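Values below: all heavy atoms of this structure, side chains included; hydrogens, waters and symmetry mates excluded. Since the structure is predicted, the reported quantities are computational estimates derived from the model, not experimental observations.
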Amino acid sequence: MKGSLWAWIFHRITAILLVVLVAIHFGIMHFVDPTAVITFADSQVRLQSALYMLVDVGLLVLGLYHGLNGIRNVVLDYWPRAGKAVGWILTLVGIVAVGYGSLALKAFLTQ
Amino acid sequence: MAKVDSASNRPVRNYGDLNPRYFRTGMWSFVLHRISGIAISVFLLLHIWEITSVVRGGAEGFTSQMASMAAKLWVVGEWLLFLALTFHGINGIRLILLDLGWGVHEHKRGFWTVFVISAIIIAVGSYFFVMRFLAYPWAR
């Protein structure tokens, strides 16, 4: 199978997972206690739970893949010749963002 | 202008499909999915930047970053994000079902089902944003 077909399949797989993960994340952050102000201490308590950490890591990795691949799809629609180069640039952006985002998640466990 | 479709003898609008006046349900779904998708992607990168304030400023940096964003203007932004996420997610489910062959002969019904389900979720969820909006100050 060609790379683009895998990209298409992963776009759908990540979509289904993200519907569930975003609903959990958004529900906890906005609907459980709508007037709460987020603090480091509260976030740290939440992230001690392995399940919560799994949701956040999933959102970071799957969300970035889905979002950046979506941007790539838009670029391919209007500027197909740049598709390959833009694809590599977005891959780089994704790797940096996952790496930097992971540092934040790690900080909640170590600080 | 002035081009005429030979079959129907009606004038053909060049780029008429780009004018929202002539959008029908399918075009609205496409445009809203695309705009919301780009908006959410941009938000995601900004969100990562905001959360990684803990890397740059530690626990205090993170807490003060979050406190500075507990203001009415940001609640409006979060609400817009909620609209985008809701529509994009519900419409995305429709697209996946179409890929699996569900409802390919009933597109119109699919569009309206997505609009109605999204509207219900948005109507219910907006209540929480109103509460947040009222509780927060204009600026900190």
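Taking OG of B:Ser64 as the reference point, atom CZ of A:Phe40 lies at 12.5 Å (rounded to 0.5 Å).
Qualifying side chain to side chain contact (heavy atoms under 4.5 Å, CB included) partners for A:Ala82, counting only residues two or more places apart in sequence or in other chains: A:Trp79, A:Val86. Listed by chain and number, the residues in a side chain to side chain contact (heavy atoms under 4.5 Å, CB included) with B:Leu44 are A:Leu64, B:Ile48 (sequence neighbours excluded).
Each of B:Ile38, B:Ile40, B:Asp99, B:Thr86 has some count of heavy-atom pairs under 4.5 Å with chain A, and the biggest count is that of B:Asp99. The candidate from A:Ile71, A:Leu60, A:Asp42, A:Ile38 with the greatest count of non-hydrogen atom pairs under 4.5 Å with chain B is A:Ile38. Per-residue counts of heavy-atom pairs under 4.5 Å with chain A were compared for B:His47, B:Glu60, B:Arg56; the largest is that of B:Arg56. Among B:Ser41, B:Ala59, B:Ala135, B:Gly89, the residue with the largest count of heavy-atom pairs under 4.5 Å with chain A is B:Ala59. Residue with the most contacts toward chain A among B:Gln65, B:His88, B:Met131, B:Met66: B:Met66 (heavy-atom pairs, distance under 4.5 Å). Of the listed residues A:Gly67, A:Gly27, A:Pro34, the one with more heavy-atom pairs under 4.5 angstrom with chain B than any other is A:Pro34.
A:Tyr52 and A:Val20 fall within a single hydrophobic cluster, where Ile, Leu, Val, Met, Phe, Trp and Tyr are joined by side-chain heavy atoms under 4.5 Å apart, directly or via other members. Cluster annotation: A:Ile95 and A:Val61 are assigned to distinct hydrophobic clusters (Ile/Leu/Val/Met/Phe/Trp/Tyr, side-chain heavy-atom contacts under 4.5 Å, transitive). A continuous path of ILVMFWY side-chain contacts below 4.5 Å connects A:Met29 to B:Val54, so both sit in one hydrophobic cluster. Under the 4.5 Å side-chain heavy-atom criterion for Ile, Leu, Val, Met, Phe, Trp and Tyr, A:Met53 and A:Ile28 are members of the same hydrophobic cluster. When hydrophobic clusters are built by joining Ile, Leu, Val, Met, Phe, Trp and Tyr residues whose side-chain heavy atoms come closer than 4.5 Å, directly or via intermediates, B:Phe111 is not grouped with B:Ile96.
For B:Ala70, the part sitting under 4.5 Å from any heavy atom of chain A is the side chain, from C-beta outward, and nothing else. Contacts between B:Leu95 and chain A at a heavy-atom distance below 4.5 Å are absent for every atom of the residue. Contacts between A:Val19 and chain B at a heavy-atom distance below 4.5 Å involve the side chain alone, from C-beta outward. In this structure, the portion of B:Ile93 lying under 4.5 Å from any heavy atom of chain A is its side chain and not its backbone.
In this structure, B:Leu98 places its CG atom where more than 12 heavy-atom neighbours from other residues, nucleotides or ligands lie under 6.0 Å away. For B:Leu100, the CG atom is densely surrounded, since the number of other residues' heavy atoms within 6.0 Å is greater than 12.
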- Item | Step-by-step side-chain contact (heavy atoms from CB on, under 4.5 Å) determination, B:Phe133 to A:Thr35 | CA-CA 8 Å; B:Phe133 185 84; A:Thr35 59; over 6 Å; no
- Could you check B:Arg34 against A:Val74 for side-chain contact (heavy atoms from CB on, under 4.5 Å), going step by step and ending with a plain yes or no? CA-CA 8 Å; B:Arg34 187 146 276 198; A:Val74 176; 3.6 Å; yes
- Message: Checking A:Phe31 against B:Phe82 for the ring-ring contact (aromatic ring centres under 6.0 Å, His included) test, could you report, in this order, the C-alpha distance in whole Å, the side-chain angles of both residues, the deciding distance, and whether it holds?
- Response: CA-CA 11 Å; A:Phe31 298 160; B:Phe82 173 58; 5.7 Å; yes
- Test side-chain contact (heavy atoms from CB on, under 4.5 Å) on A:Thr39 and B:Phe62 and set out the steps. CA-CA 7 Å; A:Thr39 63; B:Phe62 179 83; over 6 Å; no
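Residue A:Ala36 comes nearest to B:Tyr136 through the heavy atom pair O-OH, 2.6 Å, listed as atom of the first residue, atom of the second, then distance.
Residues of residues 96-106 of chain A placed with any heavy atom under 4.5 Å of a heavy atom in chain B are listed by number as A:Ala97, A:Tyr100, A:Gly101, A:Leu103, A:Ala104.
Sorted by first then second residue, the salt bridge (charged side-chain N to carboxylate O under 4.0 Å, His left out) pairs that include residues 128-138 of chain B, not counting sequence neighbours, are B:Glu78-B:Arg132.
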